[in-house]
Amino acid sequence: MKFDAKWMAKLSLLFFGMLFLVCLWLGRGQKLKEAPQGDKIMVEDVEILLGALEREADFDRGEVQGTYLTYQQYIQIYEKIGGAELGLPDFDGRYEPEYELLKKDWYEAYEILLAHLDKESSIWETTVFVLKVNPDTKEVYTETGAMQGAYQYCSTAFAENAFEEMRVYVKGDKLLTIVEVLPEEHYLGNVWVMEITEDMLTCFYHQVVFQVKIAQKEAEKLEREQIADLTFRGGRVASAKGHHEKIHGKLLRVTDDTVEIEGQGIYEVAKDMEIYKLYGSMETLRRTDLKIGYADTDFVIEKNKVRACLVSRAEKADRIRVLIKNKADNSNYHEAVDIRVDGEHVRIEADDMEIGERRIFQSRNLTDKVLLEIANSSKENNAYRGSVECYRVSEGIALINELSLEEYLYAVVPSEMPASYPAEALKAQAVCARTYGYRYILHAGLPQFGAHVDDSTAYQVYHNIEENAATTAAVRETDGVLLFYQGEPAQNYYYSTSCGAGTDTKIWKGGKDTDTSYLCAGRVSEKEAGISAEQLCQEEVFREYISKVHEEDLEKEEPWYRWTYTVEKLDEDIMLARLRERYQAAPEAVLTKAEGGYYVSEPVESFGKIREVSITKRGGGGVADELLIETDQDTIKVVSEYNIRYVLCDGKSTVVRQDDSTTVPGTLLPSGFFILEADKSGDNVVGYTLTGGGYGHGVGMSQNGAKALGKREVSYEQILAMFYPGCTLEDVRTLHEN
């Protein structure tokens, strides 16, 4: 067969054209139609997250550094980190090498990495609302979720997402990356609006001043210097509501759910109530910062609920409210009280008053007093300065004595320190007592009663002993002087007598919110004695120290400087009962040894015989910090000096002081500064002897140390400087001038 050449050329062209189309089709089949759509993961965020796992982001950056991670780079990480063994997805078939990896795919893989590589769970996810971003310091101010406050951030994406709610990864106190910006609206209630322009609000909320855009129609609903509820959407205020109604009056009482305002009544507290200090430097305050007995606050009300408290001025904190306890049964309530004032006598019984009723008694004359005669009380000193308020509660009558802080001290100082002590020691005590009372005026100890303190040893002993000319002079000659540390009233603890050394606040195992570094363990002596408070933590060093009298110690002549306490016959039932009591009061302080050798908090059910009893750890100055009791059933550890003093005191054995005088402590050993010698019969402890020194907890000022310094004509300023190093003396009157 013969073919025409022209026809053959056409046929060839058709063939190769078809072949080209087939090849093109086959080639396109090997490519995805398009790259996956969605938010991409930034290279920066990948590096941050791998760095948080202490893994290098080891992949090829290429000639030009891209903003987003490519699939090829992900596979390089996958291979480097052993992704197949860890079960990481390889996303095969979803991406071309040059395509950028979706954020959701990266975080799917990262969750698996966390499960395998973050054994301590140090990296975690939470939800936050970003209130403000400071790119200069790389800080964000957040609300809601587990992270609230100012935090360092790592990813630059945070700078672009103010006023958004988002899921984030966190490590320690750093925000690592944004997992997802959430579409939901976010509500902030009771925000203080400082200023308004056409499209911008300047606000204050939780210690943060921030500016946010707002639609003009929403801005028109608000006024400057007003409480408002704001709803955020898309990085701006979507809606706003202002609160206008306010009331004012003396704050009488604060409970978990209510506040009582003189002349206004009782109001519920909104769950999201905010408290703003509007004078001086603006602050968001806590509920405990509301000053009971003062009228320095406006209360913003809506539907009979307090939405916000506006503390608008600095009132002199010079009046204190003292709850008078019922000494007969150590309660806070009285069934009846007889009151004599200005020649008139009134007897009030609880049944005569309605729940919530108040009756106030005060002399017409500034220098006359109110006489109280309390049923079942043997108290003879019953003349009270200021006013006496009878407040009826369901349990009976609560008695509150309101008076000036200075007059309060007239009855505190002689109750806390003998008036026979040197004048400079009394002045030091007056400053301590004033500072103590002032702290509680600022932060009431008994807000549910409308009182700052009570009159017992739980705070300061008040009105236990009659006023005295010497102690009143000490108060007047230090009028208004307070002890401060770094701008705040100091926690100026004091106690009776040292053993020649004091300790620090670590003995109470409390939180670390307040800096009490000025309450440090140290020697209470005239000069350096060649032995430090730290060395006294060693058992052998302390044993030798407490067994002797040291000439340089200020209190070496005091009866309580050295003492012994002998339990001749150990009563296991008494010790068991005391262990149970301390477990009920502080379960974390009574621990039982478990099978693994560690200690757990659990009730002490029983034991028969005690095999060993010993002090196994000492705190600053040598104070007993851990007591070990080995029984025939368990090994029990008692933690902290107070609990140790309680457990080892049987309530019937005698303390012999160094002057041979004796007393029987009913509840606590004189101090935690002692060594212990067990008396054994066979395998069992049958008794023990404590050789100790000092009286009281040992933190802050030793009153007999102050007495000794006063006798040497050391000034009260120098006495306070010795016991509270780093503290300063401030005049209460100047504190309220700004």
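As the structure is a prediction and not an experimental result, all values here were calculated from the model.
Partner of Lys40 under the side-chain contact (heavy atoms from CB on, under 4.5 Å) criterion, chosen from Asp105, Leu101, Leu102, Thr67: Leu102. Here the rule is ring pair (Phe, Tyr, Trp, His ring centres under 6.0 Å) with Phe210, and of Phe129, Phe163, Tyr141 only Phe163 fits it. Under the side chain to side chain donor-acceptor pair (under 3.5 Å) rule, Asp296 has a single partner from Lys316, His248, Lys291, Arg313, which is Lys291. A ring pair (Phe, Tyr, Trp, His ring centres under 6.0 Å) with Tyr74 holds for exactly one of Phe91, Tyr110, Tyr99; it is Phe91. None of Phe158, Trp106, Tyr107, Tyr153 except one satisfies the ring pair (Phe, Tyr, Trp, His ring centres under 6.0 Å) rule with Tyr169; the exception is Tyr107.
A 4.5 Å side-chain heavy-atom check between Val170 and Val128 finds every atom pair outside the cut-off. Residues Asn161 and Val130 fail the side-chain proximity criterion, which asks for heavy atoms closer than 4.5 Å. Under the 4.5 Å side-chain criterion, counting only non-hydrogen atoms from C-beta, Leu188 is in contact with Leu131. Under the 4.5 Å side-chain criterion, counting only non-hydrogen atoms from C-beta, Asp289 is not in contact with Ile275. Counting only heavy atoms from C-beta outward, the side chains of Leu230 and Leu201 approach each other to under 4.5 Å. Side-chain contact between Ile266 and Arg253 is present, with heavy atoms from C-beta onward closer than 4.5 Å. Using a 4.5 Å heavy-atom threshold, the side chains of Gln448 and Leu446 count as touching. Counting heavy atoms from C-beta outward, Tyr205 and Thr284 have side chains that stay 4.5 Å or more apart.
At distances below 3.5 Å, at least one donor-acceptor pair connects side-chain atoms of Gln73 with backbone N or O atoms of Thr70. Under a 3.5 Å cut-off, the side chain of Ser155 and the backbone N or O of Thr177 do not form any donor-acceptor pair. Checked by atom type and distance alone, the side chain of Gln264 never pairs as donor or acceptor with a backbone atom of Ile261 at under 3.5 Å. Between the Asp118 side chain and the Ile123 main chain, a donor and an acceptor come within less than 3.5 Å of each other. Arg236 places no side-chain N or O within 3.5 Å of a backbone atom of Lys213 that could act as its donor or acceptor partner. Side-chain atoms of Glu54 never come within 3.5 Å of backbone atoms of Ala52 as a donor-acceptor pair (strictly under, hydrogens ignored). A donor-acceptor contact shorter than 3.5 Å links the side chain of Ser601 to the backbone of Pro587. Looking only at distances, no side-chain donor or acceptor of Thr435 sits under 3.5 Å from a matching main-chain atom of Leu482. Of the possible polar contacts, none joining the Tyr485 side chain to the Asn492 backbone as a donor-acceptor pair under 3.5 Å is found. A donor-acceptor pair is defined here as one N or O able to donate and one able to accept, closer than 3.5 Å; such a pair exists between the side chain of Lys132 and the backbone of Val209.
Across all their heavy atoms, Ala228 and Val193 have their closest contact at CB-CG2, 3.8 Å. The two residues Ala159 and Val133 have their closest heavy-atom pair at CA-CG1, 3.6 Å. The two residues Gln152 and Glu139 make their nearest non-hydrogen contact at NE2-CG, 3.3 Å. For the pair Tyr518 and Asp515, the tightest heavy-atom approach, listed with the atom from each and the gap, is CE2-O, 3.3 Å. For the residue pair Ala240 and Lys221, the shortest heavy atom distance occurs at O-CD, 3.5 Å. Across Ala314 and Tyr279, no two heavy atoms sit closer than the pair CB-CE1, 3.4 Å.
If you take NZ on Lys277 and CZ on Phe204, they are separated by 9.0 Å, rounding to the nearest 0.5 Å. The line from CD of Glu268 to OG1 of Thr255 is 10.0 Å long, rounded to the nearest 0.5 Å. Rounding to the nearest 0.5 Å gives a distance of 12.0 Å between SG of Cys154 and CD of Glu47. A distance of 13.0 Å separates CD of Gln72 from CD of Glu100, quoted to the nearest 0.5 Å. The OH atom of Tyr68 lies 8.5 Å from the NZ atom of Lys103; values are rounded to the nearest 0.5 Å. For the atom pair CE (Met273) and CG (Asn190), the distance works out to 9.0 Å, reported to the nearest 0.5 Å.
Environment of CD in Glu488: sparse, with no more than 12 heavy atoms of neighbouring residues, nucleotides or ligands closer than 6.0 Å. For Lys506, the NZ atom sits in a loose shell: 12 or fewer heavy atoms of surrounding residues, nucleotides or ligands are nearer than 6.0 Å. Other residues, nucleotides and ligands contribute over 12 non-hydrogen atoms within 6.0 Å of the NZ atom of Lys138. Within a 6.0 Å sphere centred on CD of Glu354, other residues, nucleotides and ligands contribute 12 heavy atoms or fewer. Heavy-atom contacts from other residues, nucleotides or ligands closer than 6.0 Å to NZ of Lys305 number 12 or fewer.
Residues Glu389 and Arg358 are paired through a salt bridge, judged by an N-O separation under 4.0 Å between the basic side chain and the carboxylate.
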Does the side-chain contact (heavy atoms from CB on, under 4.5 Å) test come out yes or no for Leu117 and Ile81, once each step is laid out? CA-CA 11 Å; Leu117 303 180; Ile81 213 163; 4.2 Å; yes
Determine, step by step, whether Trp192 and Ile227 satisfy the side-chain contact (heavy atoms from CB on, under 4.5 Å) criterion, reporting the C-alpha distance in whole Å, the side-chain angles of both residues, the deciding distance to 0.1 Å, and the verdict. CA-CA 5 Å; Trp192 178 245; Ile227 290 295; 3.8 Å; yes
Does the pair Leu114 and Leu53 meet the rule for a side-chain contact (heavy atoms from CB on, under 4.5 Å), with working shown? CA-CA 8 Å; Leu114 287 179; Leu53 285 170; 3.9 Å; yes
When you look at Glu108 and Lys104, which way does the side-chain contact (heavy atoms from CB on, under 4.5 Å) test go after all the steps? CA-CA 6 Å; Glu108 177 189 338; Lys104 69 179 184 64; 5.9 Å; no
What's the verdict on side chain to side chain donor-acceptor pair (under 3.5 Å) for Glu218 and Ser239, showing C-alpha distance, side-chain angles and the deciding distance? CA-CA 6 Å; Glu218 296 298 324; Ser239 63; 5.2 Å; no
Glu730 vs Thr728, side chain to side chain donor-acceptor pair (under 3.5 Å): CA-CA, chis, key distance, verdict: CA-CA 6 Å; Glu730 307 287 345; Thr728 59; 3.1 Å; yes
